[in-house]
Amino acid sequence: MKLHEKILTHFLSCTSPVDKEGYLYKKKERNATYYRRWFVLKANLLFYQERPADRHLLGVIVLEGCTVQMLDSDGFFPFALQFGSGLKTYRFAAGDAQTQGRWVKALFLASHCYLSNLVRDLGRQYEEAKQQQDPTNSCSSLKSLSPPTNSLLVPALFPLSLVREGRSFSASDALPPPSMPTKMAAKKSPKKWPRRNAHVTPLNGPAPPYGEWPLVGSDPLVEFSKLHDFYGQEVKKAREEWLRSRQTEKEQREKDLIDLG
Amino acid sequence: MRFNEKELVCLSRQPSEMAAELGMRGPKKGDVVKRRLVKLVVNFLFYFRIDEEEPIGALLLEQCRVEREDSQTFSIAFLDEAERKYLFECDSEEQCKEWTDSIIKASYEFMRRNLIFYRTEIHRLTGKDPLEQYGISDETRFQVNSGSQLMARDTSSL
């Protein structure tokens, strides 16, 4: 099948916003080595090249029909884009937990499907908000889409599928020979997810078997309510853990105060 | 340039509301109209030989201009090359309108603009940012002022 490349490269270089760019390691299928590449994420397309200034693009990945998986490995920050059975799995690695987390999130949000559902949801909220502002105006310009739902179809909080891989990579194994002037981060466990908005389970906790992120897009409305329930539990758990740790912190602080007194 | 061809072909097989046999003509001089199965999936326009499983090609519907050429024909121009157009012949005026509307609305950038509009309006009407509940209000791709965002670049060194 011919992919009209010029259209893609034109899109890449035009003025519409770049959604994310940066260095990542990409695993080559054939020799299982990771190569550092410069990635540019725009809309639902992930372009990659050797260096940011390069004219020549090495490739592009169309981000539809894939799941994003955060992988867990000591001192190494891998993640993967998994297309369906019989299709490819792209493997990447970041230099630190924060970069890893940001890319996983960005890639998850990148699909056309995701945006389409989000727009539909917001469109509904917009109409509702307008109605509330002006209840006398009963006509809605919005074409009736799907049947009205009685519960919030919140496309759940940013989901995180944590898969613990059996093998552990050491920095020297995973990375290509040291022509790259980069240092691997100290072999500590990845830090807690720092973002205040994303309710995700800390990466350094034991990885419960969350299972794979269901393929969004097949039946979006159904998927969202399923996801909402599924991640509602995860959020609850994360919140409880967080509250517990806060309580411990608080107690610790109070103890200190007493000591000082 | 490498691309995930197998996965894209798989995408082309997804059900789509906009799939029809149209007359299609390429942009080059000397190209003639051929009957193709044209299918719109996400922001790609796939075109197949009739009764073939794998598409001949895929056109990304971003940064393109869709125009009505006459009552039953529309064109898509890419690369700012107004003269390099793909032509599509429909069976009716209604079908032609349906296709042009759908193609325009399928563009990611079009959808993003809608999102930003809704986000701004909902915030104006309710005082709340609707993206907060999804945990995505800081994401670059949903920003109201794209381009002037601090987070646009992540040149993290590895």
Side-chain angles (χ1 to χ4, degrees), chain A residues 1-11 14 16-25 36 43-44 57-62 64-66 83-84 87-88 94-96 99 102 105-106 109-110 112-113 115-116 118-119 122-123 125-126 129-130 133 154-155 157-158 180 182 195 197-199, chain B residues 1-12 14 41-44 46 54-60 62-64 78-80 106 108-109 111-112 114-115 117-119 121-122 125-126 130-143 146-147 149 151-158:
Chain A
M1 179 185 71
K2 176 177 183 176
L3 178 66
H4 295 254
E5 289 180 15
K6 269 193 176 171
I7 301 176
L8 270 78
T9 52
H10 180 249
F11 175 57
C14 78
S16 67
V18 166
D19 296 314
K20 191 167 181 66
E21 57 189 350
Y23 280 110
L24 287 172
Y25 289 101
R36 193 171 82 145
N44 55 346
L57 285 175
L58 291 174
V60 65
I61 302 169
V62 178
E64 296 295 328
C66 59
F83 289 84
L87 301 172
K88 277 204 180 90
D96 57 71
T99 309
R102 285 189 174 149
K105 188 173 187 181
L109 302 174
H112 190 279
C113 273
L115 182 59
S116 162
L118 189 58
V119 170
L122 288 205
Q125 288 184 40
Y126 170 63
K130 275 206 302 184
Q133 289 286 310
V154 178
L157 310 162
F158 169 56
M180 323 249 165
T182 56
R195 306 279 312 239
N197 283 329
H199 299 277
Chain B
M1 183 171 77
R2 291 193 292 268
F3 67 99
N4 49 335
E5 180 167 359
K6 210 171 168 191
E7 291 71 25
L8 204 54
V9 170
C10 184
L11 182 69
S12 76
Q14 298 302 304
V41 183
V42 297
N43 52 346
F44 279 91
F46 295 100
E54 182 172 315
I56 306 167
L59 297 161
L60 174 72
E62 302 291 337
Q63 298 290 308
C64 58
F78 298 95
L79 310 179
D80 297 331
Y108 192 98
E109 294 306 324
M111 283 173 18
R112 198 205 300 260
N114 276 357
L115 181 95
F117 170 76
Y118 288 140
R119 185 183 184 184
E121 285 298 292
I122 292 169
L125 292 167
T126 68
L131 298 191
E132 287 251 347
Q133 65 187 309
Y134 304 145
I136 55 176
S137 47
D138 289 346
E139 286 297 309
T140 314
R141 65 170 66 231
F142 305 129
Q143 292 317 310
S146 293
Q149 266 299 321
M151 283 175 58
R153 304 214 161 193
D154 179 5
T155 50
S156 55
S157 54
L158 292 176

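All heavy atoms count here, side chains included; hydrogens, waters and symmetry mates do not. This structure is a prediction, so every number in the text was calculated from the model and none was measured. Residue numbers start from 1 in every chain, and the chains themselves are labelled A, B, ... in the order their sequence lines are given, proteins ahead of strands.
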Give the member of A/S116, A/A129, A/A110 that has the highest number of heavy-atom pairs under 4.5 Å with chain B.
-> A/A110

Option that, when pairs with chain A are counted at under 4.5 Å, heavy atom only, ranks first among B/L11, B/L59, B/L8, B/N43 | B/N43

Under 4.5 Å to a heavy atom of chain A? For B/C64 that would be neither

Rounded to the nearest 0.5 Å, the OH atom of B/Y108 sits from the CG atom of A/L115 at a distance of 4.5 Å

Reported CG-to-CG distance for the pair A/L8 and B/L60, which is rounded to 0.5 angstrom | 5.0 Å

Side chains of B/R141 and A/P17: does their closest heavy-atom pair fall under 4.5 Å?
-> no

Counting heavy-atom pairs under 4.5 Å to chain A, which of B/T126, B/N114, B/I122, B/L131 comes out on top?
-> B/I122

Would you check if A/V62 and B/E7 make a side-chain contact, meaning some heavy-atom pair closer than 4.5 Å?
-> no

Of all of A/E5, A/M1, A/K88, A/K6, which one pairs up most often with chain B through heavy atoms under 4.5 Å apart?
-> A/M1

Donor-acceptor pair, side chain of A/H112 and main chain of B/V41, under 3.5 angstrom | no

Is A/L109 close to B/Y134 at the side-chain level, that is, under 4.5 Å between some pair of heavy atoms?
-> no

Name the option with the most non-hydrogen atom pairs under 4.5 Å to chain A; the candidates are B/E5, B/Q14, B/E54.
-> B/E5

Taking the side chain as every heavy atom from C-beta outward, state whether A/K105 and B/D138 have any atom pair closer than 4.5 Å.
-> no

Taking every heavy atom of B/Q133 against every heavy atom of A/Q125, the minimum-distance pair comes out as NE2-NE2, 3.3 Å

Closest approach of B/R112 to A/A43 (non-hydrogen atoms, all atoms of both residues) | NH2-N, 4.1 Å

Are B/F117 and A/L122 close enough that some pair of their side-chain heavy atoms sits under 4.5 Å apart?
-> no

Where does A/Y126 contact chain B at under 4.5 Å (heavy atoms): side chain, backbone, both or neither?
-> both

What option among B/Q63, B/M111, B/E62 has the most heavy-atom pairs under 4.5 Å with chain A?
-> B/M111

Euclidean distance, B/F44 CZ relative to A/E64 CD, rounded to 0.5 Å = 8.0 Å

Where do B/T140 and A/K20 land on the side-chain contact (heavy atoms from CB on, under 4.5 Å) test, with the steps shown first?
-> CA-CA 8 Å; B/T140 314; A/K20 191 167 181 66; over 6 Å; no

Give, for atom CG of A/L3 and atom CZ of B/R2, the distance between the pair rounded to the nearest 0.5 Å.
-> 14.0 Å

Smallest heavy-atom separation, B/A58 atom then A/H4 atom, equals O-CD2, 3.2 Å

